[in-house]
K.L.:
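Below are the structure tokens for one structure; questions will follow.
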2 protein chains.
Amino acid sequence: MPQNQENWHGTEKFLEEVVKILLDYIREENQRSTKILHFHHPAEMEKLIDLSIPDQPRTLRELLQDCQEVLQLGVRTGHPRFFNQISCGLDLVSMAGEWLTATANTNMFTYEIAPVFILMEKEVSQKMIELIGWQGGDAIFAPGGAISNLYAMNAARHARFPRCKPLGQGDIPTLCAFASEDSHYSIKGAAAIMGIGTDNCLNIPTDPAGRMIPEALEQCIIKSKRDGLEPFFVCATAGTTVYGAWDPIPQIADICDRHNLWLHVDAAWGGGLLLSPEHRYKLCGIERANSVTWNAHKLMGALLQCSTCFIRQEGLLFQTNQMSADYLFQQDKPYDVSFDTGDKAMQCGRHNDIFKLWLMWRSKGMKGYRRQINRLMDLTAYFVARIRETEGYELVVDPPEFLNICFWYIPPSLRCMDKAERNARLEKIAPKIKAKMMERGTTMVGYQPDKQRPNFFRMIISNQAITREDLDFLIKEIALIGSEL
Amino acid sequence: MPQNQENWHGTEKFLEEVVKILLDYIREENQRSTKILHFHHPAEMEKLIDLSIPDQPRTLRELLQDCQEVLQLGVRTGHPRFFNQISCGLDLVSMAGEWLTATANTNMFTYEIAPVFILMEKEVSQKMIELIGWQGGDAIFAPGGAISNLYAMNAARHARFPRCKPLGQGDIPTLCAFASEDSHYSIKGAAAIMGIGTDNCLNIPTDPAGRMIPEALEQCIIKSKRDGLEPFFVCATAGTTVYGAWDPIPQIADICDRHNLWLHVDAAWGGGLLLSPEHRYKLCGIERANSVTWNAHKLMGALLQCSTCFIRQEGLLFQTNQMSADYLFQQDKPYDVSFDTGDKAMQCGRHNDIFKLWLMWRSKGMKGYRRQINRLMDLTAYFVARIRETEGYELVVDPPEFLNICFWYIPPSLRCMDKAERNARLEKIAPKIKAKMMERGTTMVGYQPDKQRPNFFRMIISNQAITREDLDFLIKEIALIGSEL
């Protein structure tokens with residue numbers, strides 16, 4: 001698109017039209033009567049929209065149509081009745097922040113080209129480090145929790161065996177890591193990428209609520225040593241993906257102390273609770289961690305992506321990741337180059353994920369966040385109470401410990417069966433309800449099986465736009481769809 | 001921010017004000033007289049703007065001030081005289097795409113919640129695969145070229161030693177990889193993360209223009225085998241970071257064939273040239289690669305981040321990265337779950353990087369891109385000719401092979417010195433000019449030393465807004481600043 005002066009008027013008009021389309025979309029999204037999606041199978045969808053790359057340029061008018069079509073065929077993840085993911089809702093200040101980020105379009109690797117944003121990362125990281133409870137520490141914003149967890153495991157290995165960086169795993173003992181069987185799969189993923197191996201990422205059993213059993217951890221550590229492995233890394237999860245469970249950090253930290261192991265707390269989902277003085281006790285002990293993953297794009301509601309990996313030992317991120325690329329990160333610049341972050345990152349170019357978080361946090365202040373997060377916890381209590389009292393519903397974990405509520409809906413036809421037969425049938429119920437729900441487009445909630453438990457729904461209450469009426473609606477809607485199954 | 005109906009008017013007004021600020025910023029940025037930056041040292045900058053997280057919420061009015069201040073204190077990377085990075089310029093259609101992406105705020109891991117965007121990734125990847133020249137293949141959009149290179153190296157290891165995924169590096173021979181000494185540092189970075197070790201990522205010498213010497217590669221492979229290492233991965237760079245050099249892919253591919261090695265082409269920077277029938281011969285042989293990194297946020301001008309890793313062997317991305325997380329990627333959904341991408345990715349949550357690229361590509365069409373890229377190559381030829389004829393300028397590599405032009409400015413006081421003394425003094429010239437340039441704020445261009453060569457400027461012509469006058473301006477500006485040194 002021409003950007004010179006003569007054509008500025010047309011360009012400006014185009015951008016204003018795009019904004020109009022977006023504002024209409026947001027307004028509709030916040031009306032409960034708007035469908036969350038119009039479901040189409042992939043083959044159908046391909047017929048509904050032309051996605052091809054043309055030979056000739058399309059006009060601005062046609063591009064506006066493209067924008068409109070794409071939005072109409074998409075899923076409204078910011079709809080107050082979309083409960084499908086841990087990252088829900090559309091905070092409009094965060095969104096405005098992302099618009100500005102796009103316009104400023106810079107790269108977070110040097111102070112030279114991103115001076116304000118680099119200082120902003122420092123300031124916000126510092127605030128988050130205080131909330132974790134450390135006296136100091138370092139941080140890097142990463143593209144999602146999986147990469148943050150990879151940063152943490154890599155830093156842990158470097159702290160213990162710095163010679164692995166030049167010489168590789170072959171030169172050091174066979175490492176092993178520990179995470180609960182309910183931990184996020186990216187811990188195993190990091191072990192695979194790092195050449196440690198998924199079999200050397202040992203699963204620690206959990207209790208029925210999904211919390212790691214500390215005694216089992218210690219036994220596993222002792223056994224791994226006997227088997228000739230070299231334990232180095234323990235991941236405690238603060239807010240598991242399915243149940244929202246809290247691994248008992250203080251006990252796990254004691255075990256790490258006894259065996260001299262790196263303690264990582266994966267608080268990708270639960271970290272936001274540190275903003276609530278009323279609820280932060282659930283993360284008690286997190287200050288003893290050597291590293292923490294915390295995704296502001298989850299509970300805090302920043303737009304995707306916004307994740308941070310915190311490392312307590314200052315300088316370690318730099319030592320682990322720097323590749324001495326002086327051709328990009330010159331050391332003879334006129335300013336203090338310790339502000340450049342390029343050498344701390346695995347990435348070279350790095351997206352600006354800070355501004356949307358900073359602006360949103362300023363818009364709420366500490367008090368606003370406290371209120372928002374406490375309100376979500378209150379809504380969860382309300383929903384749990386409603387589930388308990390409504391016929392046909394059954395909680396998988398009672399009481400839930402966080403904003404995940406896992407439950408079955410048991411259709412009348414199954415209610416009198418014996419448990420074994422019921423469970424066999426129940427396995428198919430949630431997928432059927434979900435499929436129907438997507439056809440109706442009225443609401444969305446995820447499901448999954450777990451261990452011996454048949455498919456159950458996992459409700460997430462993290463969108464600040466949710467009201468009690470939305471929760472009542474979900475309960476009615478599932479019963480309506482499911483009662484005839 | 002309240003998003004309910006009653007407050008919608010205030011919210012809408014706020015967003016419209018933000019857009020007004022952004023449009024003003026863009027208009028200013030495109031005026032040559034606007035300063036690119038007002039340079040401040042970090043300590044000064046911290047005094048100029050309050051970055052703290054407040055206890056109380058800030059008003060919408062105050063947030064607008066925040067936005068304005070941040071933009072005023074930043075660096076205008078889209079300014080036509082900002083030549084500092086490989087990613088330059090601000091394509092306004094791509095920017096509009098990113099605004100919509102923010103508003104749609106979804107996650108690329110399942111078709112369920114990103115149906116159109118998933119199909120869009122498929123369509124655009126397919127187009128890019130055709131341009132590479134493969135019959136088929138797979139792709140994943142990744143947060144930057146460094147992560148794309150990590151994807152490629154990890155896939156290469158998995159293809160050769162699938163047991164490394166469960167068992168780790170300890171169970172397989174000591175791997176080694178090869179990349180030229182001018183390759184991007186993220187290749188070494190990937191070797192470090194993967195537990196291969198940077199010392200096992202062997203540097204292949206380059207010729208004076210920065211191209212890998214194939215004979216040296218083959219000797220190095222043979223020697224590494226003699227040393228008991230297991231070669232598995234060769235990276236050829238298509239458009240190196242500093243010189244924009246093209247490694248000779250056909251010869252390198254022959255060597256890979258002879259030794260049964262994975263050929264990765266890092267075309268992060270050079271990939272865009274595939275869009276020009278006139279210039280794509282420089283990537284001749286890329287179709288023989290097993291994997292390719294191609295960053296649309298570089299030459300193609302998409303907003304940061306937009307990078308893709310292509311893998312020729314279908315199914316391999318999935319086999320390498322899937323962790324069987326059925327609790328997130330259910331297999332009993334009502335649609336064809338082969339469209340879900342979660343199991344192909346290292347990341348779990350994945351930002352939507354496709355829409356801004358798709359919309360921009362539609363706006364230009366194949367013809368528009370061809371024209372745009374050919375024009376940048378023509379501008380480079382013009383700039384090179386001007387440098388050659390202007391007193392005090394000297395090309396580091398003549399002729400440059402791509403859009404990087406590396407040159408020295410030699411102040412009059414140095415011109416009559418003998419080479420050794422001159423070079424010693426020259427080392428300090430570029431940093432001094434750069435510092436002054438940043439103070440003046442009129443233009444920006446990067447510099448670095450390389451091997452025995454003293455600090456030189458690396459000019460990048462990738463912003464479509466650049467005109468010949470902007471190039472003339474740079475030549476005059478450097479001479480003006482540098483003539484008195």
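Residue numbers begin at 1 in each chain, while the letters A, B, ... track the order of the sequences. Because only heavy atoms are used, hydrogens play no part in the values below, and waters and symmetry mates are left out as well, while side chains stay in.
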K.L.:
Enter the distance from Trp99(B):CH2 to Leu92(B):CG here, rounded to the nearest 0.5 Å.
P.N.:
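Spacing of CH2 (Trp99(B)) from CG (Leu92(B)) equals 8.5 Å.
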K.L.:
Below 4.5 Å from any heavy atom of chain B, which atoms of Thr103(A) appear? Answer side chain, backbone, both or neither.
P.N.:
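Both backbone and side chain.
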K.L.:
Is a donor on one side and an acceptor on the other found under 3.5 Å between the side chain of Asn352(A) and the backbone of Asn105(A)?
P.N.:
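Flag not set: sc Asn352(A) to bb Asn105(A) has no pair under 3.5 Å.
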K.L.:
If I measure from the heavy atoms of chain B, does Tyr335(A) come under 4.5 Å with its side chain, its backbone, both, or neither?
P.N.:
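Both parts, backbone and side chain.
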K.L.:
Side chain, backbone, both or neither: which part of Ser52(A) has a non-hydrogen atom closer than 4.5 Å to chain B?
P.N.:
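When you check distances to chain B, atoms from both the backbone and side chain of Ser52(A) fall under 4.5 Å.
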K.L.:
With a 4.5 angstrom heavy-atom cut-off, could you sort out which part of Glu16(A) is near chain B: side chain, backbone, both or neither?
P.N.:
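When you check distances to chain B, only side chain atoms of Glu16(A) fall under 4.5 Å.
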K.L.:
Counting heavy-atom pairs closer than 4.5 Å to chain B, which one of Leu359(A), Leu304(A), Val18(A) comes out on top?
P.N.:
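When all of Leu359(A), Leu304(A), Val18(A) are compared, Leu304(A) has the most.
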K.L.:
Do Glu112(B) and Asn84(A) have a side chain donor and acceptor closer than 3.5 Å?
P.N.:
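The criterion, which ignores hydrogens and geometry beyond distance, is satisfied for Asn84(A) and Glu112(B).
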K.L.:
Check the angle between the aromatic planes of Phe117(A) and Phe355(A) and answer parallel, tilted or perpendicular using the 30° and 60° thresholds.
P.N.:
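Aromatic pair Phe117(A)/Phe355(A) classed perpendicular.
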K.L.:
Can you tell me which portion of Ile193(A) sits under 4.5 Å from chain B's heavy atoms? Options are side chain, backbone, both or neither.
P.N.:
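Looking at Ile193(A), backbone and side chain both touch chain B.
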K.L.:
Identify which of Met120(B), Met95(B), Arg458(B) forms the greatest number of heavy-atom pairs closer than 4.5 Å to chain A.
P.N.:
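The candidate making the most pairs under 4.5 Å is Met95(B).
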K.L.:
Please rank Trp361(B), Tyr25(B), Trp358(B) by heavy-atom pairs under 4.5 Å with chain A and give me the top one.
P.N.:
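Top option by heavy-atom pairs under 4.5 Å: Trp358(B).
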K.L.:
Which one wins on heavy-atom pair count under 4.5 Å against chain A: Lys333(B), Gln169(B), Glu62(B)?
P.N.:
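If we count pairs closer than 4.5 Å to chain A, Gln169(B) comes out on top.
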K.L.:
Quick check for you: among Pro334(B), Ala192(B), Pro54(B), which has the greatest number of heavy-atom pairs under 4.5 Å with chain A?
P.N.:
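When all of Pro334(B), Ala192(B), Pro54(B) are compared, Pro54(B) has the most.
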K.L.:
Where on Phe339(A) is there a heavy atom nearer than 4.5 Å to chain B: the side chain, the backbone, both, or neither?
P.N.:
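Contact with chain B involves the side chain of Phe339(A) alone.
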K.L.:
Examine whether an atom of Ile49(A) lies under 4.5 Å from a heavy atom of chain B, and if so say whether it belongs to the side chain, the backbone or both; otherwise answer neither.
P.N.:
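Only the side chain of Ile49(A) comes within 4.5 Å of chain B.
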K.L.:
Could you measure the distance from the CG atom of Leu119(B) to the CD atom of Glu46(A)? Nearest 0.5 Å is fine.
P.N.:
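Reported value, rounded in 0.5 Å steps: 5.0 Å.
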K.L.:
Would you indicate whether the side-chain heavy atoms of Val75(A) and Phe39(A) approach each other to under 4.5 Å?
P.N.:
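They are not in contact (no side-chain heavy atoms under 4.5 Å apart), so the answer is no.
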K.L.:
Start with the C-alpha gap between Glu12(B) and Arg27(A), add the side-chain angles, then the distance that decides, and say whether salt bridge (Lys or Arg N to Asp or Glu O under 4.0 Å) holds.
P.N.:
CA-CA 9 Å; Glu12(B) 196 170 24; Arg27(A) 198 183 304 109; 2.7 Å; yes
K.L.:
Sort Val70(A) into side chain, backbone, both or neither according to what part of it lies under 4.5 angstrom from a heavy atom of chain B.
P.N.:
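When you check distances to chain B, atoms from both the backbone and side chain of Val70(A) fall under 4.5 Å.
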K.L.:
Give a yes or no answer on whether the side chain of Asp336(A) reaches the backbone of Ser338(A) with a donor-acceptor pair at less than 3.5 Å.
P.N.:
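A pair under 3.5 Å: yes.
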K.L.:
So does Ile113(A) get a backbone contact from the side chain of Thr106(A), meaning a donor-acceptor N/O pair under 3.5 Å?
P.N.:
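Indeed, once roles are kept as given, a pair shorter than 3.5 Å links the two residues.
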K.L.:
Roughly how far, to the nearest 0.5 Å, is the CD atom of Glu427(B) from the CG atom of Asp332(A)?
P.N.:
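CD of Glu427(B) is found 6.5 Å from CG of Asp332(A).
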K.L.:
Less than 4.5 Å to any heavy atom of chain A: does that hold for the side chain of Thr174(B), its backbone, both, or neither?
P.N.:
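For Thr174(B), no heavy atom lies under 4.5 Å from chain A.
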K.L.:
Which answer fits Tyr447(A), side chain, backbone, both or neither, if we ask what part of it has an atom under 4.5 Å from a heavy atom of chain B?
P.N.:
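It is both, since atoms from each part get that close.
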K.L.:
When only pairs under 4.5 Å are counted, which of Gly368(A), Gly144(A), Cys67(A), Ala190(A) shares the most heavy-atom pairs with chain B?
P.N.:
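Top count of heavy-atom pairs under 4.5 Å with chain B: Cys67(A).
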K.L.:
Considering all heavy atoms of both residues, which atom of His297(A) and which atom of Leu303(A) are nearest to each other, and what is their separation?
P.N.:
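Closest approach of His297(A) to Leu303(A): CB-O, 3.6 Å.
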K.L.:
Between Asp91(A) (side chain) and Ser94(A) (backbone), is there a donor-acceptor pair under 3.5 Å?
P.N.:
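Checking the backbone N and O of Ser94(A) against the side chain of Asp91(A), a donor-acceptor pair under 3.5 Å is found.
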K.L.:
Let me know if Lys188(A) has heavy atoms under 4.5 Å from chain B in its side chain, its backbone, both or neither.
P.N.:
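For Lys188(A), backbone and side chain are both near chain B.
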K.L.:
So which of Lys356(A), Arg157(A), His40(A), Lys428(A) has the largest heavy-atom pair count under 4.5 angstrom toward chain B?
P.N.:
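Between Lys356(A), Arg157(A), His40(A), Lys428(A), the count favours Arg157(A).
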K.L.:
For Asp171(A), is there any backbone N or O sitting under 3.5 Å from a side-chain donor or acceptor partner on Arg163(A)?
P.N.:
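It does hold such a pair.
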K.L.:
Where does Lys434(B) contact chain A at under 4.5 Å (heavy atoms): side chain, backbone, both or neither?
P.N.:
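Just its side chain gets close to chain A.
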K.L.:
Can you tell me if Lys436(B) has over 12 outside heavy atoms packed within less than 6.0 Å of its NZ?
P.N.:
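Counting other residues, nucleotides and ligands, NZ of Lys436(B) stays at 12 neighbours or fewer.
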K.L.:
Report which part of Lys127(B) has an atom under 4.5 Å of a heavy atom belonging to chain A: side chain, backbone, both, or neither.
P.N.:
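Lys127(B) touches chain A through side-chain heavy atoms alone.
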K.L.:
Is Ile196(B) close to chain A through its backbone or its side chain, or both, or neither, when contacts mean heavy atoms under 4.5 Å?
P.N.:
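Ile196(B) touches chain A through backbone heavy atoms alone.
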K.L.:
Between Leu150(A) and chain B, which part of the residue has a heavy atom less than 4.5 Å away: side chain, backbone, both or neither?
P.N.:
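The side chain, not the backbone.
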K.L.:
What part of Gln85(B) lies closer than 4.5 angstrom to a heavy atom of chain A: side chain, backbone, both or neither?
P.N.:
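Answer is side chain: those atoms of Gln85(B) sit under 4.5 Å from chain A.
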K.L.:
Who among Ile21(B), Asn455(B), Leu23(B), Val242(B) has the most heavy-atom pairs with chain A under 4.5 Å?
P.N.:
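Looking at each option in turn, the highest pair count goes to Leu23(B).
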K.L.:
So what's closer than 4.5 Å to chain B heavy atoms on Ser186(A): side chain, backbone, both or neither?
P.N.:
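For Ser186(A), neither part sits under 4.5 Å from chain B.
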K.L.:
Given a strict heavy-atom distance threshold of 4.5 Å, which part of Lys165(A) is in contact with chain B: side chain, backbone, both, or neither?
P.N.:
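For Lys165(A), the contact with chain B is made by backbone and side chain together.
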K.L.:
Using heavy-atom distances under 4.5 Å, tell me whether Asn154(B) contacts chain A through its side chain, its backbone, both, or neither.
P.N.:
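Side chain of Asn154(B) only, per the 4.5 Å heavy-atom cut-off to chain A.
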K.L.:
Thr241(A) versus Tyr185(A): any side-chain heavy-atom pair under 4.5 Å?
P.N.:
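They are not in contact (no side-chain heavy atoms under 4.5 Å apart), so the answer is no.
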K.L.:
Shortest non-hydrogen contact from Thr77(B) to Glu29(B)?
P.N.:
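For Thr77(B) and Glu29(B), the tightest heavy-atom pair comes out as N-OE2, 4.0 Å.
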K.L.:
Distance check, rounded to the nearest 0.5 Å: Leu51(A) atom CG versus Arg362(B) atom CZ?
P.N.:
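Taking CG in Leu51(A) and CZ in Arg362(B), the distance rounds to 7.0 Å.
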K.L.:
Quick one: pull up CG in Leu15(A) and CH2 in Trp8(A) and give me the separation to the nearest 0.5 Å.
P.N.:
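Rounded to the nearest 0.5 Å, the CG-CH2 separation comes out at 6.5 Å.
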K.L.:
What part of Gln347(B) is in contact with chain A, defined as an atom under 4.5 angstrom from a non-hydrogen atom: side chain, backbone, both or neither?
P.N.:
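Both parts, backbone and side chain.
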K.L.:
Sort Asn321(A) into side chain, backbone, both or neither according to what part of it lies under 4.5 angstrom from a heavy atom of chain B.
P.N.:
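Neither part.
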K.L.:
Considering only heavy atoms, which portion of Met444(B) lies under 4.5 Å from any heavy atom of chain A: side chain, backbone, both, or neither?
P.N.:
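The side chain, not the backbone.
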K.L.:
Side chain from CB out, backbone as N, CA, C, O: work out which of these in His184(B) comes under 4.5 Å of a heavy atom of chain A, or both, or neither.
P.N.:
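For His184(B), heavy atoms of backbone and side chain both lie under 4.5 Å from chain A.
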K.L.:
Could you have a look at Ala435(A), Gly195(A), Gly349(A), Ala146(A) and say which one has the most heavy-atom pairs with chain B under 4.5 angstrom?
P.N.:
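Most pairs with chain B among the choices: Gly195(A).
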K.L.:
Which value, rounded to the nearest 0.5 Å, describes the distance between Glu439(B) atom CD and Leu37(B) atom CG?
P.N.:
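Rounded to the nearest 0.5 Å, the CD-CG separation comes out at 10.0 Å.
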K.L.:
Quick one: of Leu167(B), Val19(B), Ile147(B), Ile53(B), who has the most non-hydrogen atom pairs under 4.5 Å with chain A?
P.N.:
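Of Leu167(B), Val19(B), Ile147(B), Ile53(B), Ile53(B) has the most heavy-atom pairs under 4.5 Å with chain A.
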K.L.:
Between His41(A), Lys432(A), Glu69(A), Glu98(A), which shows the greatest number of heavy-atom pairs under 4.5 Å with chain B?
P.N.:
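Winner by heavy-atom pair count: His41(A).
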K.L.:
Highest number of heavy-atom pairs under 4.5 Å with chain B: which of Ser307(A), Ala102(A), Ser87(A)?
P.N.:
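Of the candidates given, the most pairs with chain B belong to Ala102(A).
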K.L.:
Return the minimal non-hydrogen interatomic distance between Ala104(B) and Leu71(A), and the atom names on each side.
P.N.:
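Between these two residues, the closest heavy atoms are CB-CD2, 4.3 Å.
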